[in-house]
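One structure below.
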Amino acid sequence: MTDQPSITIPVSICIRMKRWHWDKKSQYTPRWLWLLICFAGFLLIGCSDSPTLVNVTKEPLQHADPRMASILPPKWKPTPQQDIQVDAEPDPKSAINFGGLLRVREREIVVPYVIGYSVNGRPLEVYRFGNGGRNLLIIAGIHGGYEWNTIALAYELIEHLKHDPQLIPPDVKLHILLSLNPDGAARAHNFLGRANANNVDLNRNWNVNWTSNLPQLRCWNLVRLSGGPYPISEPESKALMRYILDTDIEAIISYHSAGLGIFAGGLPTTEKSRQLAEAIADMSTYPYPPIDIGCNYTGTFIDWAARIGIASVDVELSNHFNTDFEQNLRILETFLSWTPTP
Ligand SMILES: [Zn+2]
């Protein structure tokens, strides 16, 4: 989706100036002077990269830690549309090109693709970059407001890619799900924001080693949550499953926090998932294998994804507050060029 440049504005100004000149029959400003001013204006626009012509904005990125407060206020909600500016060849069919004098810049708008809705009707938004045939997926916010920094990280990565879309290799299409659990993110930015609106842990709602009554011993148990009445019972889980199957995803990073390291998907762990986990561990301070707290993780998302043949890992950020942006930018670059070895 593109916007044509606002060439109509200077044209309109010139026409009005010319009419005004004729109406007033000014004796002080000869007609040729107005025409000269207009022509000079067009030359200036054509020879410059004037951002004002097409509203090109390149604001500095904001990253991590105490700055998170400014990125994600308590009632934060992502802007539904974000802009990206890319250079484009002048369109020969566009309204006025003046023989190439005008350097046309088009504004491409990255619109999040809504893959479904949460229990409370919030959209589940996927941002997509690149046009290659290898589909890679990053998921954030599966544990909602309890792990809100994963959503902040996804937001930062999306903003970074808008400014630097060349990061995406030609053979890759990257999908970033900004938040799988927007209801939890809206409820609270603490442990009360972990479940979806049905009190279901969306990371434990998948049909591998699934149970409704989540084990409490040595597992996360600050609040009693459910694995759902049955596997993939939740609208968020259904939407994600449908999208993954429809999109033919090859590899997934699901972001969590905090501190345990990198988990590879599969029961038992699949070879592809293990390779991806090791590749990410090589690029980061996150350990693989992860710290073992003795929890029996039931019905996890990455185990389900690994079972259907997708290289899948959970990556846990260092804490519940920072996005570890620089580190995760390196991980992104590794992910984008990663392929499993046979
Ligand atoms: Zn989590």
Side-chain angles (χ1 to χ4, degrees), residues 68 71-72 74 76-78 115-116 118-120 122-126 137-157 176-206 208 210-212 214-216 218-228 231-241 252-263 265 286 290-291 293 295-305 312-324 328:
M68 283 331 333
I71 295 175
L72 279 180
W76 176 78
K77 187 178 182 309
I115 66 170
S118 67
V119 173
N120 285 339
R122 291 186 169 86
L124 310 173
E125 299 174 327
V126 171
L137 173 63
I138 290 175
I139 298 172
I142 197 168
H143 279 146
Y146 183 57
E147 298 173 2
W148 61 268
N149 55 338
T150 66
I151 305 170
L153 171 63
Y155 183 76
E156 287 186 329
L157 292 175
I176 300 180
L177 174 53
L178 186 59
S179 173
L180 184 65
N181 184 4
D183 292 349
R187 185 184 316 117
H189 284 180
N190 55 41
F191 63 92
L192 296 174
R194 182 178 172 102
N196 77 345
N198 288 334
N199 202 41
V200 172
D201 185 329
L202 291 176
N203 195 41
R204 312 291 289 280
N205 187 227
W206 302 81
V208 175
W210 174 86
T211 178
S212 181
L214 297 181
Q216 301 295 296
R218 293 189 291 274
C219 294
W220 189 93
N221 55 14
L222 296 179
V223 177
R224 185 88 191 185
L225 304 181
S226 162
I232 316 180
S233 57
E234 303 307 293
E236 297 91 343
S237 311
K238 287 187 171 109
L240 178 56
M241 178 187 69
I252 295 174
I253 293 176
S254 177
Y255 273 107
H256 291 257
S257 60
L260 296 181
I262 305 167
F263 293 78
Y286 306 139
I291 297 169
I293 59 172
C295 175
N296 172 26
Y297 297 103
T298 58
T300 68
F301 165 69
I302 58 166
D303 286 345
W304 171 83
S312 311
V313 296
D314 279 348
V315 173
E316 293 215 335
L317 304 181
S318 303
N319 55 44
H320 283 305
F321 307 102
N322 295 346
T323 61
D324 304 343
N328 282 292

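Treat the numbers as computed from the prediction; the structure is a model and nothing was measured. As a basis for the values below, the full set of heavy atoms in this structure was taken, side chains included, without hydrogen atoms, waters or symmetry mates.
- Partners of D314 under the side-chain contact (heavy atoms from CB on, under 4.5 Å) rule, at least two apart in sequence or in another chain, are N203, S254, H256, F263, I302.
- Formation of a donor-acceptor pair under 3.5 Å by the R187 side chain with backbone atoms of L192 is found in this model.
- From H189, atom NE2 reaches atom CD1 of I151 across 6.5 Å, with rounding to the nearest 0.5 Å.
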Does L124 form a side chain to side chain contact (heavy atoms under 4.5 Å, CB included) with L240? I'd like the steps, not just the answer. CA-CA 9 Å; L124 310 173; L240 178 56; over 6 Å; no

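- When the side chain to side chain donor-acceptor pair (under 3.5 Å) test is applied to S318, the partners found at least two apart in sequence or on another chain are D324.
- Here CG of L153 is found 10.5 Å from CG of L178. Values are rounded to the nearest 0.5 Å.
- The side chain to side chain donor-acceptor pair (under 3.5 Å) check on N205 picks up S233, S237, with sequence neighbours excluded.
- Taking A258 as the reference, H320 meet the side-chain contact (heavy atoms from CB on, under 4.5 Å) condition, with sequence neighbours excluded.
- Scanning all heavy atoms of the two residues, the minimum distance from N322 to N319 falls at N-OD1, 2.7 Å.
- Using a 30° and 60° split on the angle between ring planes, W206 and W304 fall in the tilted class, from 30° to 60°.
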So L202 and H143, side chain to side chain contact (heavy atoms under 4.5 Å, CB included) or not? Walk me through it. CA-CA 7 Å; L202 291 176; H143 279 146; 5.9 Å; no

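- Partners of N120 according to the side-chain contact (heavy atoms from CB on, under 4.5 Å) rule, which considers only residues two or more places apart in sequence or in another chain, are S118, R122, D183, A197.
- Going from atom OG of S312 over to atom CZ of F301 covers 6.5 Å, rounded to the nearest 0.5 Å.
- Considering only residues two or more places apart in sequence or on other chains, T298 meets the side-chain contact (heavy atoms from CB on, under 4.5 Å) condition with R204, N209, T211, L214, P215, N296.
- Across G193 and N181, no two heavy atoms sit closer than the pair O-ND2, 4.1 Å.
- Interatomic distance, L180 CG to N196 CG, rounded to the nearest 0.5 Å: 9.0 Å.
- Here the straight-line distance linking atom CD1 of I142 with atom CG of L177 works out to 8.5 Å at 0.5 Å rounding.
- Under the 3.5 Å distance criterion, the side-chain polar atoms of E236 are matched with a main-chain donor or acceptor of V119.
- A donor-acceptor pair under 3.5 Å links the side-chain atoms of S212 to the main chain of G228, judged by distance alone.
- W220 pairs by the ring pair (Phe, Tyr, Trp, His ring centres under 6.0 Å) definition with Y146, not counting sequence neighbours.
- Listed by first then second residue, pairs satisfying salt bridge (charged side-chain N to carboxylate O under 4.0 Å, His left out) with a partner in residues 192-202 read E147-R194, R194-D201, not counting sequence neighbours.
- Put simply, CZ on F191 and CG on N221 are 11.5 Å apart, with the number rounded to the nearest 0.5 Å.
- In terms of heavy atoms, G227 sits closest to V200 at C-CG1, 3.9 Å.
- Taking the side chain as every heavy atom from C-beta outward, Y255 and N328 approach each other to under 4.5 Å.
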